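Worksheet: one structure, shown below.
Atoms considered below: every heavy atom in the structure, side chains included; atoms not considered: hydrogens, waters and symmetry mates. This is a predicted model, so every value here is computed, not measured.
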Amino acid sequence: QSAAQSLGGSLHRTLQAFHDRGGAEAVSPEALKAALAERWSQAGYESHEEAAASRALGEEILERYHQAAREPGRETLATEVTVQRRYETFVLFGKIDRLDRRPDGALEVIDYKSGRYIHTEDDVRESLAMTVYQLLVARENPGVAVYTGILNLRTGDGAFVLRTEAEHLPRFLALSVSDDP
């Protein structure tokens, strides 16, 4: 496991616990940082100093995340949840980092990224994983708009898209999903 994977995994586990415990309304920033300490992985770091610097970065990320989590009317429905749909010849599945109900009633699939890369709406549209997540959630929630997006945990920036039904499976996905069981 690399240092980057350790940071990302530690953040994922911490954010899951944060939302399971009630989010920003129930968990203080200090408790969120303590949760990171409990879930911290040392794997992949070349030195104690490197691990300590990464953990400090993780704490900064979580403090920023906690402030942003106070959006009125937003509800986190699930974290780290597997979604799937069986078809005649295959199964589509994926693991969603977070599923929210937005203030307007739409659903939003959120994929966390802890790297330095900034993501765009084109990145989301071209992501096979994001397309599959959106398709699966939309099929389970007919008539509800489903957005998907990538949230950069380091910056708090995100890119989110709402695909039309025709866009649910992009041109690079050569699967026939119209044959529901």
Side-chain angles (χ1 to χ4, degrees), residues 1-20 23 39 41 43-44 58 61-62 64-65 68-69 71 74-102 104-181:
Q1 185 169 347
S2 71
Q5 290 169 327
S6 287
L7 174 61
S10 296
L11 289 170
H12 274 249
R13 290 185 298 277
T14 302
L15 292 175
Q16 180 179 10
F18 171 73
H19 287 289
D20 287 351
R39 290 160 180 79
S41 172
I61 288 169
L62 292 174
R64 203 168 24 256
Y65 185 94
E71 182 182 343
R74 180 175 288 271
E75 176 187 8
T76 297
L77 303 175
T79 57
E80 303 297 333
V81 63
T82 299
V83 291
Q84 72 175 15
R85 187 170 183 103
R86 294 186 179 281
Y87 293 90
E88 189 174 317
T89 57
F90 61 91
V91 176
L92 276 181
F93 69 95
K95 188 172 185 182
I96 295 174
D97 293 342
R98 194 172 101 208
L99 178 64
D100 283 4
R101 181 169 315 282
R102 295 163 38 124
D104 63 4
L107 297 175
E108 188 170 78
V109 175
I110 301 167
D111 192 50
Y112 300 137
K113 298 295 180 196
S114 57
R116 297 180 192 274
Y117 184 68
I118 302 299
H119 298 276
T120 67
E121 287 184 10
D122 286 341
D123 294 329
V124 176
R125 283 192 188 286
E126 295 298 322
S127 167
L128 176 59
M130 298 308 292
T131 300
V132 169
Y133 300 157
Q134 190 169 31
L135 173 68
L136 293 172
V137 172
R139 294 283 166 98
E140 291 298 316
N141 297 277
V144 177
V146 179
Y147 291 78
T148 55
I150 298 172
L151 176 64
N152 183 305
L153 293 174
R154 286 182 189 240
T155 65
D157 295 326
F160 294 86
V161 298
L162 174 64
R163 289 180 179 85
T164 65
E165 184 68 26
E167 290 178 296
H168 275 171
L169 291 177
R171 63 190 171 283
F172 59 81
L173 182 59
L175 299 173
S176 171
V177 297
S178 61
D179 57 342
D180 284 329

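Using the six-membered ring where Trp is involved, His119 and Tyr117 have ring planes that are perpendicular, over 60° apart on the 30 and 60° scheme.
Of the inter-residue distances, the one linking Thr131 atom OG1 with Arg163 atom CZ reads 3.5 Å to the nearest 0.5 angstrom. Atom CG of Asp111 and atom NZ of Lys95 lie 12.0 Å apart (nearest 0.5 Å).
Nearest heavy atom pair, residue Asn152 against residue Gly115, reads ND2-O, 3.3 Å. What you find for Ser114 and Ala4 is that their closest heavy atoms are OG-O, 4.5 Å.
Contact annotation: the side chain of Leu7 approaches that of Arg154 to within less than 4.5 Å [non-hydrogen atoms, C-beta and beyond]. No side-chain heavy atom of Val109 sits less than 4.5 Å from a side-chain heavy atom of Val83. With a 4.5 Å cut-off on side-chain heavy atoms, Val146 and Tyr133 do not count as touching. Arg101 places a side-chain heavy atom less than 4.5 Å from the side chain of Leu107.
Side chain to side chain, Thr79 and His19 fail the donor-acceptor criterion of an N or O pair below 3.5 Å.
Formation of a donor-acceptor pair under 3.5 Å by the Asp20 side chain with backbone atoms of Ala17 is not found in this model. A distance-only check finds a donor-acceptor pair linking the side chain of Arg13 to the backbone of Gly9 [under 3.5 Å]. At distances below 3.5 Å, not a single donor-acceptor pair connects side-chain atoms of Ser41 with backbone N or O atoms of Ser10.
Tested against Val137 for a side chain to side chain contact (heavy atoms under 4.5 Å, CB included), the candidates Ile96, Leu77, Thr148, Val81 yield a single pass: Ile96.
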